[in-house]
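The block underneath contains the structure these notes are about, expressed in structure tokens.
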Amino acid sequence: MKRVGREFFIRDVLEVAPGLLGKYLVRVGDDGNADRYLITETEAYRGEEDLACHARKGKTPRTKVMYEKGGVLYVYLVYGIHWMLNIVTGPEEQPQAALIRCLKNAEGPGILTKMLEIGKDFNGEDLAVSRRMWIENGVNPVPYRAATRVGIDYAGETWKNKPWRYIMTDH
DNA sequence: GTAACGATCCTC
DNA sequence: AGGATCGTTACA
């Protein structure tokens, strides 16, 4: 029951994304109750050179939060319907983020943000200091397998085949 | 100004 | 297998 601090998120996304597995995402609702959810699946998006990453076209009003220091949330809308929850990683000016794809008892990245009532207003939220959301240590390290990322066919052979999707194997 | 495009999910 | 649905981006 201890909040994960800044130093955890400042590292490379390829260490942070798998490192999030087995940790807990804590959400404090408007009623003050804290709910804890086990993180079971993540994906890594790494820098402007990664053609699957939103920052591939440089800094824009939408992606500028990815350039902040690790620990900040990047929340955006896909397909005009679903909000995606990402945690920015790495040092400042290095656009990386870990997508939270699945929590235990949730069924997908769009569903979990609806369940946790996460929307645009969480964009830019800092997990190192926020009072309504943070990460807590759980059972680490945890067994997992790597797979290719989802929904990024446009990224080209090199990048769409990267095994940057991390899935907990025993839950 | 206008048009095209999704890091998804649900219903045929 | 395909449609929903709208903010962001690119281009004129």
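Numbered from 1 within each chain, the chains take letters A, B, ... in sequence-line order.
- Residue contacts shown for A:Arg149 are absent, as no nucleic acid heavy atom lies under 4.0 Å away.
- The distance between atom CG of A:Leu77 and atom P of B:dC9, rounded to the nearest whole Å, is 13 Å.
- Between A:Lys114 and A:Glu117, no side-chain nitrogen of the basic residue sits less than 4.0 Å from a carboxylate oxygen of the acidic one, so the salt-bridge criterion is not met.
- Rounded to whole Å, the distance from NE2 on A:His54 to P on C:dA10 is 12 Å.
- Of the candidate nucleotides B:dA7, B:dT8, C:dT9, B:dT8 has the atom lying nearest to any side-chain atom of A:Val150.
- Here the C1' atom of nucleotide B:dA7 and the CG atom of A:Asp153 are 11 Å apart, to the nearest Å.
- Salt bridge annotation for A:Lys69-A:Glu93: absent, with no cationic side-chain nitrogen under 4.0 angstrom from a carboxylate oxygen.
- Neither OP1 nor OP2 of C:dG3 sits under 4.0 Å from any side-chain N or O of A:Tyr79.
- With both pairing distances under 3.5 Å, B:dA7 is matched to nothing as a Watson-Crick or G-U wobble pair.
- Across the protein-nucleic acid pair, A:Leu112 atom CG and B:dC9 atom P stand 8 Å apart, rounded to whole Å.
- Using a 4.0 Å cut-off between a side-chain N of Lys or Arg and a carboxylate O of Asp or Glu, A:Glu136 and A:Arg3 do not qualify as a salt bridge.
- Taking a pair to require two hydrogen-bonding distances under 3.5 Å in either a Watson-Crick or a G-U wobble arrangement, C:dT5 remains unpaired.
- Between A:Asp126 and A:Arg6, at least one side-chain nitrogen of the basic residue sits less than 4.0 Å from a carboxylate oxygen of the acidic one, meeting the salt-bridge criterion.
- Across all strands shown, A:Met66 has heavy atoms under 4.0 Å from base atoms, whether or not it also approaches the sugar-phosphate.
- Residue-level contact check: A:Ile81 touches the bases, meaning some heavy atom is under 4.0 Å from a base atom.
- Here the C1' atom of nucleotide C:dC6 and the CH2 atom of A:Trp83 are 10 Å apart, to the nearest Å.
- Taking a centre distance below 5.5 Å and an interplanar angle below 30 degrees as the stacking criterion, A:Tyr76 does not stack against the six-membered base ring of C:dG7.
- Taking side-chain N and O atoms only, A:His82 has no distance below 4.0 Å to OP1 or OP2 of B:dA7.
- The NZ atom of A:Lys57 sits 14 Å away from the C1' atom of B:dA7 (whole-angstrom rounding).
- Put simply, A:Lys120 has a side-chain N or O that comes within less than 4.0 Å of OP1 or OP2 on C:dT8.
- Contact check on A:Asp50 versus A:Lys162 returns no salt bridge, with no Lys/Arg side-chain nitrogen under 4.0 Å from an Asp/Glu carboxylate oxygen.
- Taking atom CD on A:Glu41 and atom P on B:dT8, their separation rounds to 11 Å, with Å as the unit.
- A:Arg101 has a side-chain polar atom (N or O) that falls below the 4.0 Å cut-off from OP1 or OP2 of B:dT8.
- Here the P atom of nucleotide C:dT8 and the NZ atom of A:Lys59 are 17 Å apart, to the nearest Å.
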